[in-house]
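All ligand and atom numbering here is 1-based and tracks the order in the structure.
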Amino acid sequence: MTPDLEQPAARWLARFEQALRAPGEAPLRALFREDSHWRDVLALTWSIRTLSGTDTLLPELQRGAARARPRNLRIDPARTPPRKVIRAGTETLEAIFTFETDAGRGNGVLRLDPEGKAWTLLTALDSIKGHEERIGKARPKGESYSRDFRGPNWLDQRRAAQRYEERDPAVLVVGGGHAGLSIAARLTQLGVDTLIVDRWPRIGDNWRRRYHALTLHNQVQVNHLPYLPFPPSFPTYIPKDKLAGWFEAYVETMELNYWAGTEFEGGGYDEDAGRWHVALRRADGTRREMRPRHVVLATGVSGIPVMPELPGLTDFRGTVLHSSQYGDGEPWRGKRALVIGTGNSGHDIAQDLHSAGAAVTLVQRNPTLITNIEPSAQLAYALYDEGPPTEDCDLVTVSVPLALLRKAHQMHTARAREIDRPLLEALERTGFKLAYGEDGTGWQFLYLNRGGGYYFNVGCSELLVEGKIGLAQFSDFDTFVADGARLRDGRLLPADLAVLATGYHGPQALVRKLFGEAIAGRVGPVWGFGEDQELRNMFRRTPQPGLWLIAGSFAQCRIYSKYLALQILADELGLLPERRAALEAGAVPG
Ligand SMILES: Cc1cc2nc3c(=O)[nH]c(=O)nc-3n(C[C@H](O)[C@H](O)[C@H](O)COP(=O)(O)OP(=O)(O)OC[C@H]3O[C@@H](n4cnc5c(N)ncnc54)[C@H](O)[C@@H]3O)c2cc1C
């Protein structure tokens, strides 16, 4: 550790701990810049929240500290030592620290300005005392099946656990993509009985059934699942079938309970019992009712397909597919296709059809952000190339408040625009309309706010520029007719296939479909940033007791599954503030 970098951070932490105990606000105020940010992830507030500006954050910090009693704040010797870094264009001293509270152990990230004042502070819960993850030295000893020659062995126990014949899980996770696997793995390590259900017949089918040439968009080091990193031999961009195979291995290795071929049909919440009653339909047609205390929706950012009523579409004699129904280009060899929508799905499907030998026209409805997959789309993940282990990068990621994240992404977007200039100018010459996201914040914020609206170019843009895939603007469309689409200038775009790559209604629509209007209304909008600078109803308590949501990238799910699992465990233990109040009042069974 470099003492001249460690000392200022260690000194600040010591003064901070004293200031938290001291009467009045002045000692604390002296430690923070006026425009500083504090993000708390469960440690002091049992919530995920960001507060900006000392007038706002100091009173909350004092309240949280009075309740959680943080202490023993010190630089964590086991983690990346304090270092000078550039964050959102500003040089800062960044230090990872550790601490404890009455309830648990935490870690955090402190960023100091050159005057030694805090610019940003993260306090995050890492574990609940007495309920630590069963890993490393705390790994299971396997006493229940070891060296008992007549009793059930490990496999017998695993099989019995997965059958759920005489019990229901505490947590039912709907969706077995990476979001579902991440939260189930975390909960299982915390000893919370968890079952994943997914409607696809085989684990990994959510990737397997996607287009033939698919490889992941982010590099392998960003995409690890919790606990079990991809082997170092894995390719930089993992192909879909390899990923699907890894999911199967992950479920097996992490001992996750997973029912494939199982549709979650929805259900309701029994307030008195503090449990759900939900219906599952198994692949053999049988139904099973369950009464879990928690339901985690891990059903993706995309909820229900948007099927717009396009003029004349019912007169069209060709095939109409939503992008979610598109499988493979082979059946369309020698045929003509219109692909409506210019996000990732639209571009990828157009390229897949073209490579299969179809004549394709891509139809643009809205200006779209285009960024080359390499290097531009990877700029946002430079942190994961700095050298520190994934765990430290994840903590640093959590520590960046929204205001700084926006600024960082504006910078990445401007840089990507420079790098991609030749392609972007060539696209504009074809008539393609470009966008750069709200306030130039780029693809990441389009994803976080809308779940789409951009394309990572893996070759389709060049096909458009070279005229190998046609381009039409939706504003030039008049109507679909039997043989294709007629443009306002009278020209016909003949087509045998129309693919509507028109996106999805967000997760709130799915909440409504599964649980009804009352619960959807109570929960409100899902995904996209709320006024509190956090993603709405994601990774934290929703207004509906027992309902949780997790979605997003591999990295987001790896990171936030930890905190979501801690909240569910805390709820099970009666530690969450409202639940504790209800328990004390005898309103909810323990
Ligand atoms: C080409 C491409 C490359 C990508 N590359 C990356 C990348 O590198 N890194 C990254 O982070 N992201 C990447 N993504 C984006 C994203 O991570 C994926 O789209 C991912 O599938 C989202 O995972 P998920 O677990 O949230 O949801 P999904 O994969 O959509 O899984 C949801 C699951 O829920 C199930 N389900 C839904 N409703 C029900 C129900 N009622 N009952 C039972 N089961 C149900 C579905 O069957 C499905 O299996 C990429 C996407 C594409 C298309």
To which of Arg209, His178, Lys240 does the heavy atom nearest atom 17 (O) of ligand 1 belong? His178
Checking heavy atoms under 4.0 Å, the part of Ala298 that sits near ligand 1 is backbone
Do Arg199 and Phe264 form a cation-pi contact, if we require the NZ or CZ to be under 6.0 Å from the six-membered ring centre and within 45 degrees of the ring's axis? no
Flag atom 15 (C) of ligand 1 as yes if some protein heavy-atom distance to it falls below 4.0 Å, otherwise no. no
Tell me: protein heavy atom nearest atom 27 (O) of ligand 1, and distance? Gly300 CA, 3.5 Å
Please say whether Asp348 places an N or O atom under 3.5 Å from an N or O atom belonging to ligand 1. no
Residue, atom and distance of the protein heavy atom nearest atom 2 (C) of ligand 1 read His217 CE1, 3.5 Å
Using distance alone, determine whether Thr215 and ligand 1 share an N or O pair under 3.5 Å. no
Just to confirm my output: which protein heavy-atom neighbour is closest to atom 44 (N) of ligand 1, and how far is it? Arg199 N, 3.1 Å
Answer side chain, backbone, both or neither: which part of Thr262 comes under 4.0 Å from ligand 1, heavy atoms only. backbone
Checking Arg167 against Tyr164: charged group under 6.0 Å from the ring centre and within 45 degrees of the axis? yes
Side chains of Ser182 and Ser561: any donor to acceptor distance under 3.5 Å? no
In terms of residue, atom name and distance, what is the protein heavy atom nearest to atom 41 (N) of ligand 1? Phe264 O, 3.0 Å
How does Tyr211 reach ligand 1, if at all, at less than 4.0 Å between non-hydrogen atoms: by side chain, backbone, both, or neither? side chain
Would you call Asp270 and Arg291 a salt bridge, taking side-chain N to carboxylate O under 4.0 Å as the test? yes
Hydrogens and angles aside, do Asp284 and Thr286 bring a side-chain donor and acceptor to less than 3.5 Å of each other? yes
Who's the nearest protein heavy-atom neighbour of atom 21 (O) of ligand 1, and how far? Arg210 NH2, 3.0 Å
Going by atom types alone, do Gln219 and Tyr381 pair a side-chain donor with an acceptor below 3.5 Å? no
Just jot down the ligand 1 atoms closer than 4.0 angstrom to any heavy atom of Ser553, in number order. 11 (O)
Looking at Phe456, Phe554, Trp207, the heavy atom closest to atom 50 (C) of ligand 1 belongs to Trp207
For Tyr227, does the six-membered ring have the charged nitrogen or CZ of Arg186 within the cation-pi criterion, i.e. under 6.0 angstrom from the centroid and within 45° of the normal? yes
Between Thr390 and Gln221, does the side-chain hydrogen bond (donor to acceptor under 3.5 Å, both in side chains) criterion hold? Intermediate values first, please. CA-CA 8 Å; Thr390 310; Gln221 69 275 15; over 6 Å; no
For a quick check under 3.5 Å, do Gln444 and His412 share a side-chain donor-acceptor pair by atom type? no
For ligand 1, note which part of Glu265 has a heavy atom under 4.0 Å away: side chain, backbone, both or neither. neither
Are Thr397 and Tyr384 linked by a side-chain donor-acceptor pair shorter than 3.5 Å? yes
Heavy-atom nearest neighbour in the protein, as seen from atom 34 (O) of ligand 1, with distance rounded to 0.1 Å: Gly175 CA, 3.2 Å
If you measure from the Lys or Arg side-chain nitrogens to the Asp or Glu carboxylate oxygens, is any gap between Arg49 and Glu534 under 4.0 Å? no
Establish, from distance only, whether the side-chain atoms of Tyr211 and Asp348 form a donor-acceptor pair under 3.5 Å. yes
Record the part of Leu214 in heavy-atom contact with ligand 1 below 4.0 Å; permitted values are side chain, backbone, both and neither. side chain
Which residue supplies the protein heavy atom nearest to atom 29 (O) of ligand 1, what is that atom called, and how far is it? Asn206 ND2, 2.8 Å
Report the nearest protein non-hydrogen atom to atom 48 (C) of ligand 1: residue, atom name, distance rounded to 0.1 Å. Asp198 OD2, 3.3 Å
Does Ala551 reach ligand 1 with a nitrogen or oxygen that is under 3.5 Å from one of the ligand's nitrogen or oxygen atoms? no
